[in-house]
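What you see below is based on every heavy atom in this structure, not just the backbone, and it leaves out hydrogens, waters and symmetry mates.
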Amino acid sequence: MRDNNIMPKGNETDDGEVGIDTTSFEQVQQQQKKLVIGYALTSKKKMSFLQPKLEVLARKKGISFVSIDQDKPLSEQGPFDVVLHKLLGNEWHDVIEEYQQKHPEVTVLDPPCAIERIYNRQSMLQGIADINLADCDGMICVPKQMVVLKDTTSSANEVAEAGLNFPLVAKPLLVDGTAKSHQLFLAYDRLSLAELEPPLVLQEFVNHGGVLFKVFVVGDVIKVVRRFSLPNVSNCEKEKVAGVFQFPRVSSSAASVDKTDLDPRVAELPPKPLLEGLVRELRNRLGLRLFNIDMIREHGSRDVFYVIDINYFPGYGKMPDYEQVFIDFFMSLAQAKHNTIQCVR
């Protein structure tokens, strides 16, 4: 947090008298608490996140967003109170890690080593099934899955050995920010696996009534948005349908089901205690503060949920009131830093 040493003061007039500065105490406090956020985002992420409403609210709170120049050493820029980033590549990760070591007083959202874990779908869901949420009004599971690194033709036998049942959801192994990394396919039979391009993850499809829950996390705040997803696959379909089919994208706001008249047994949001317990565990295990969880409810069940994906710094523009949520989050970071400084003194 920047300290501009601004205090109310008198102004000497031409005749030697001292006039009173009309700057209000509130204005002075706001200037003193100015928060500088350096951001390194792709042009697409910048456009979706730094919306005019967010910037207006930020200015009112003394928060300024400063673009980080990737062609210059990061330590020569700023000074920053917070670094907000979503860039890929080992070179950038090295830059951030070195910056963290030299500037421990700066809050980095979030550590590259923590982000890397959920960029790989093999490690993304590890350990979630072991989370004990027995007292949280529900159960969290993960679908059975296996990784195919090279040959999808020979993976048919491995699928059977792993105990996976068709149809299978096929997802690219790495989440690298490209549109291709979010392309999902549904494979109905063994022969269709040969049409898929490795490396990928094969995940057992779970019937869920065609509704997906996107759980957005910003620090301690949790918001849930419902989205349309694939409909259930019947046993008759499994026997008659063959081949590979591409998933429609379900993340856009156009896919929202919040104003749709659906069976409440399908559309009812996950219990609040379950979400709070899950998010708390994931924050601690992943070391992240900005992420979202894709969840589905097992069809026919009220309290059995599957986590199928985790995304770092997702499209928050699709989250209701994200602007105010982030302003409050940034202000809480400033307050936490101020409290730490006071304790040290």
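Panel note: side chain Lys223, backbone Val325; no donor-acceptor pair is recorded below 3.5 Å. Side-chain atoms of Lys86 come within 3.5 Å of backbone atoms of Tyr312 as a donor-acceptor pair (strictly under, hydrogens ignored). In this structure a side-chain-to-backbone donor-acceptor pair under 3.5 Å is missing from Glu204 to Pro143. Under a 3.5 Å cut-off, the side chain of Asp110 and the backbone N or O of Leu290 do form a donor-acceptor pair. In this structure, the side chain of Arg226 does not engage the main chain of Val211 through any donor-acceptor pair within 3.5 Å. Not one N or O on the side chain of Asn311 forms a donor-acceptor pair closer than 3.5 Å with the backbone of Ile293. No donor-acceptor distance shorter than 3.5 angstrom exists from the side chain of Arg283 to the backbone of Val217, with no hydrogens or angles considered. A donor-acceptor pair is defined here as one N or O able to donate and one able to accept, closer than 3.5 Å; such a pair exists between the side chain of Gln77 and the backbone of Asp69. A donor-acceptor pair under 3.5 Å links the side-chain atoms of Arg297 to the main chain of Val266, judged by distance alone. In this structure, the side chain of Asp137 does not engage the main chain of Leu274 through any donor-acceptor pair within 3.5 Å.
Between Leu54 and Phe65, the closest side-chain pair of non-hydrogen atoms falls below 4.5 Å. Side-chain contact between Val36 and Val66 is present, with heavy atoms from C-beta onward closer than 4.5 Å. In this structure, the side chains of Leu202 and Leu193 come closer than 4.5 Å at one or more pairs of heavy atoms. Side-chain contact between Leu173 and Leu149 is present, with at least one heavy-atom pair separated by less than 4.5 Å. Side-chain contact between Ile140 and Met295 is present, with heavy atoms from C-beta onward closer than 4.5 Å. Side-chain contact between Lys318 and Lys214 is absent, with no heavy atoms from C-beta onward closer than 4.5 Å. Contact check for Asn157 versus Arg190: side-chain heavy atoms found under the 4.5 Å cut-off. Residues Phe205 and Asn207 form a side-chain contact, since some pair of their non-hydrogen atoms from C-beta on lies under 4.5 Å apart.
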TODO: Would you sort out whether Asn165 and Lys238 count as a side-chain contact (heavy atoms from CB on, under 4.5 Å), showing the intermediate values?
DONE: CA-CA 10 Å; Asn165 297 311; Lys238 293 178 185 178; over 6 Å; no
Open item on the list: Under the criterion side-chain contact (heavy atoms from CB on, under 4.5 Å), I'd like the reasoning laid out for Val147 against Val201: C-alpha separation, chi angles, the key distance, then a yes or no.
Closed with: CA-CA 5 Å; Val147 176; Val201 168; 4.2 Å; yes
TODO: Quick one: do Phe305 and Met139 satisfy side-chain contact (heavy atoms from CB on, under 4.5 Å)? Show the steps, please.
DONE: CA-CA 6 Å; Phe305 296 88; Met139 179 186 300; over 6 Å; no
Open item on the list: Run Leu282 and Ile128 through side-chain contact (heavy atoms from CB on, under 4.5 Å) and show every step you take.
Closed with: CA-CA 8 Å; Leu282 287 180; Ile128 291 180; 4.1 Å; yes
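Hydrophobic clustering places Leu41 together with Val82 (ILVMFWY residues linked when any side-chain heavy atoms are closer than 4.5 Å, directly or through intermediates). Put simply, Met146 and Ile308 are part of two different groups of oily side chains (I, L, V, M, F, W, Y) that touch within less than 4.5 Å, one to the next. Under the 4.5 Å side-chain contact rule for hydrophobic residues, Leu269 and Val225 share a cluster. The cluster map of Ile, Leu, Val, Met, Phe, Trp and Tyr, joined by side-chain heavy atoms under 4.5 Å apart, puts Leu333 and Met331 in the same cluster. One hydrophobic cluster, built from ILVMFWY side chains closer than 4.5 Å, holds both Tyr322 and Val221.
With sequence neighbours left out, the side chain to side chain donor-acceptor pair (under 3.5 Å) criterion links Glu116 to His93. Not a single side chain to side chain donor-acceptor pair (under 3.5 Å) links Glu158 to another residue, sequence neighbours left out. Residues passing the side chain to side chain donor-acceptor pair (under 3.5 Å) test with Asp130: none are found, sequence neighbours excluded. With sequence neighbours excluded, no residue forms a side chain to side chain donor-acceptor pair (under 3.5 Å) with Ser64.
The aromatic rings of Phe216 and Tyr316 lie tilted to each other, with the angle between the two planes from 30° to 60°. Relative orientation of the Phe326 and Phe330 rings is tilted, given thresholds of 30° and 60° on the angle between their planes.
Within a 6.0 Å sphere centred on CG of Asn284, heavy atoms belonging to other residues, nucleotides or ligands number more than 12. Taking a 6.0 Å sphere around CD of Glu91, one finds it holds 12 or fewer heavy atoms contributed by other residues, nucleotides or ligands.
Taking the centre of each ring, Phe49 and Tyr39 stay at or above the 6.0 Å mark.
The structure places SG of Cys113 at 11.5 Å from CD1 of Ile96, a figure rounded to the nearest 0.5 Å. The structure places CZ of Phe228 at 12.0 Å from CG of Leu212, a figure rounded to the nearest 0.5 Å. Distance check, rounded to the nearest 0.5 Å: CG of Leu286 to CD of Glu281 gives 10.5 Å.
Here Arg121 pairs with Asp309 in a salt bridge; the nearest charged N to carboxylate O distance falls below 4.0 Å.
Residue pairs meeting the ring-ring contact (aromatic ring centres under 6.0 Å, His included) criterion with at least one partner in residues 94-113, sequence neighbours excluded, are Tyr99-His103. Residue pairs meeting the ring-ring contact (aromatic ring centres under 6.0 Å, His included) criterion with at least one partner in residues 118-175, sequence neighbours excluded, do not occur; the list is empty.
Side-chain contact of Gln203 with Lys171: a donor-acceptor pair under 3.5 Å is present, judged by distance alone. With no hydrogens or angles considered, a side-chain donor-acceptor pair links Asp328 and Gln324 at under 3.5 Å.
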